[in-house]
Amino acid sequence: SDIAPRGSGARLALPNLTRVVLSGSTLCPDSLRALASGFGRRGVLPRLALHLDSCVIGPAGAAALAEALTGSLSACVDGLYLQSNPLGPSGLVSLARAAARPAASGLRVLRLRARRSDGEEAMAALAMLEEARPGLMGSMRLIGLHPDPVAVARRRAVDHRRASFSLWAAANKPARP
């Protein structure tokens with residue numbers, strides 16, 4: 001049998017399980033550690049998506065998940081969905097740094113929600129993650145970071161001036177004898 005009684009030493013085999021949805025549950029950091037420990041046993045579960053959106057996961061829970069991403073969860077989780085959780089700046093930083101590590105390379109999808117009010121350190125960590133693992137979080141719009149239109153216009157103007165100057169400099173470059 002694939003399902004064994006508790007304490008029997010037998011393993012639970014669920015080869016067709018592809019998604020675990022705990023959305024809307026309240027999960028404390030200890031619950032998240034236990035979940036990660038159970039899922040992380042090699043051979044127990046196939047690669048799966050773990051939906052933990054709206055689970056009231058705060059900074060301490062995010063730190064527990066971050067630790068698990070490079071440890072026990074790295075063996076089985078390829079998608080982690082954390083939208084609508086109050087992860088906080090430190091939680092976002094922990095998750096971004098963990099997801100950028102080579103030990104978390106099995107993670108293919110990370111969905112979370114961030115706000116500019118989470119602070120510069122969190123935004124820098126998310127930008128670093130996007131640079132290290134492009135597309136892991138989807139577009140920045142998906143995580144709630146909409147580009148500032150004024151900053152985008154200013155950046156485009158600077159890029160245009162640089163391109164124009166480069167063309168001008170190339171056209172007016174003196175010939176070498």
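In what follows, every heavy atom counts, from backbone to side chain, and hydrogens, waters and symmetry copies are set aside.
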Student: Is any side-chain heavy atom of Leu80 less than 4.5 Å from a side-chain heavy atom of Arg111?
Tutor: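 Sidechains of Arg111 and Leu80: no contact.
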Student: Can you see which heavy atom on Met123 is nearest to which on Ala114, and at what distance?
Tutor: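 Closest approach of Met123 to Ala114: CE-CB, 4.1 Å.
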Student: If the threshold is 4.0 Å, N to carboxylate O, is there a salt bridge linking Arg101 and Glu67?
Tutor: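 A salt bridge is absent here (no side-chain N lies under 4.0 Å from a carboxylate O).
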Student: Could you give the distance from CG (Leu52) to OH (Tyr81), rounded to the nearest 0.5 Å?
Tutor: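 One gets 11.5 Å once the value is rounded to the nearest 0.5 Å.
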Student: Just do the side-chain contact (heavy atoms from CB on, under 4.5 Å) check on Arg113 and Asn85 with the steps written out, would you?
Tutor: CA-CA 7 Å; Arg113 202 52 126 162; Asn85 281 297; over 6 Å; no
Student: Do Leu48 and Val77 come within less than 4.5 Å of each other through their side chains, counting heavy atoms only?
Tutor: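 When only atoms from C-beta onward are counted, Val77 and Leu48 do touch, with a gap below 4.5 Å.
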Student: Are Val93 and Leu32 connected, step by step, through hydrophobic side chains (Ile, Leu, Val, Met, Phe, Trp, Tyr) whose heavy atoms are closer than 4.5 Å?
Tutor: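 In one cluster: no.
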Student: Check for me, please, whether Leu87 and Leu136 land in the same ILVMFWY cluster - side-chain distances under 4.5 Å, paths through other members count.
Tutor: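 Linked, Leu87 and Leu136 end up in one cluster.
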Student: Side-chain contact test, heavy atoms from C-beta onward, threshold under 4.5 Å: evaluate it for Leu65 versus Leu82 and give yes or no.
Tutor: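 In contact.
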Student: Using modelled atom types only, decide if a donor and an acceptor are shared between the side chain of Asp78 and the backbone of Val109 within a distance under 3.5 Å.
Tutor: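 Not confirmed, Asp78 side chain does not pair with Val109 backbone.
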Student: Please check: side-chain N/O of Arg133 versus main-chain N/O of Ala99, any donor-acceptor pairing under 3.5 Å?
Tutor: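 Looks like yes, one N/O pair under 3.5 Å.
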Student: For Pro86 and Pro59, which heavy atoms make the closest approach, and how far apart are they?
Tutor: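 Smallest heavy-atom distance, with atoms named: O-CD, 3.7 Å.
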Student: Indicate the atoms forming the closest heavy-atom contact of Gly91 with Ala62, along with that distance.
Tutor: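 Minimum heavy-atom separation between Gly91 and Ala62: CA-CB, 3.5 Å.
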Student: How long is the span from the CZ atom in Arg97 to the CG atom in Leu95, to the nearest 0.5 Å?
Tutor: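 Between atom CZ of Arg97 and atom CG of Leu95 there are 11.5 Å.
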Student: Say you draw a straight line from CD of Glu121 to CG of Leu92; how long is it, rounded to the nearest 0.5 Å?
Tutor: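 It is 10.5 Å, given to the nearest 0.5 Å.
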Student: Identify the two heavy atoms, one from Ala103 and one from Ser74, that lie closest to each other, and give their separation to 0.1 Å.
Tutor: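 Here Ala103 and Ser74 meet closest at O-CB, 3.3 Å.
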Student: For the residue pair Ala66 and Ser94, what are the closest heavy atoms and their distance?
Tutor: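 Heavy-atom minimum between the residues: CB-O, 3.4 Å.
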Student: Quick one about Ser23 and Asp53 (side-chain donor to acceptor, distance below 3.5 Å, no hydrogens or angles considered), yes or no?
Tutor: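 Asp53 vs Ser23: donor-acceptor pair found between side chains.
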Student: Quick one: does any side-chain atom of Arg33 pair with a main-chain N or O of Cys28 as donor and acceptor, under 3.5 Å?
Tutor: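 No: the side chain of Arg33 does not pair with the backbone of Cys28.
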Student: Testing the basics here: between Ala122 and Pro89, what is the closest heavy-atom pair and its distance to 0.1 Å?
Tutor: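 Minimum heavy-atom separation between Ala122 and Pro89: CB-O, 4.0 Å.
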Student: Would you find a donor on one side and an acceptor on the other, under 3.5 Å apart, between the side chain of Glu130 and the backbone of Gly135?
Tutor: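 Present.
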Student: CG/Leu69 to OG/Ser105 distance, rounded to the nearest 0.5 angstrom?
Tutor: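 The OG atom of Ser105 is 11.0 Å from CG of Leu69, to the nearest 0.5 Å.
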Student: The test is side-chain contact (heavy atoms from CB on, under 4.5 Å); show your working for Leu126 and Leu112 and say whether it passes.
Tutor: CA-CA 10 Å; Leu126 292 172; Leu112 43 82; 4.2 Å; yes
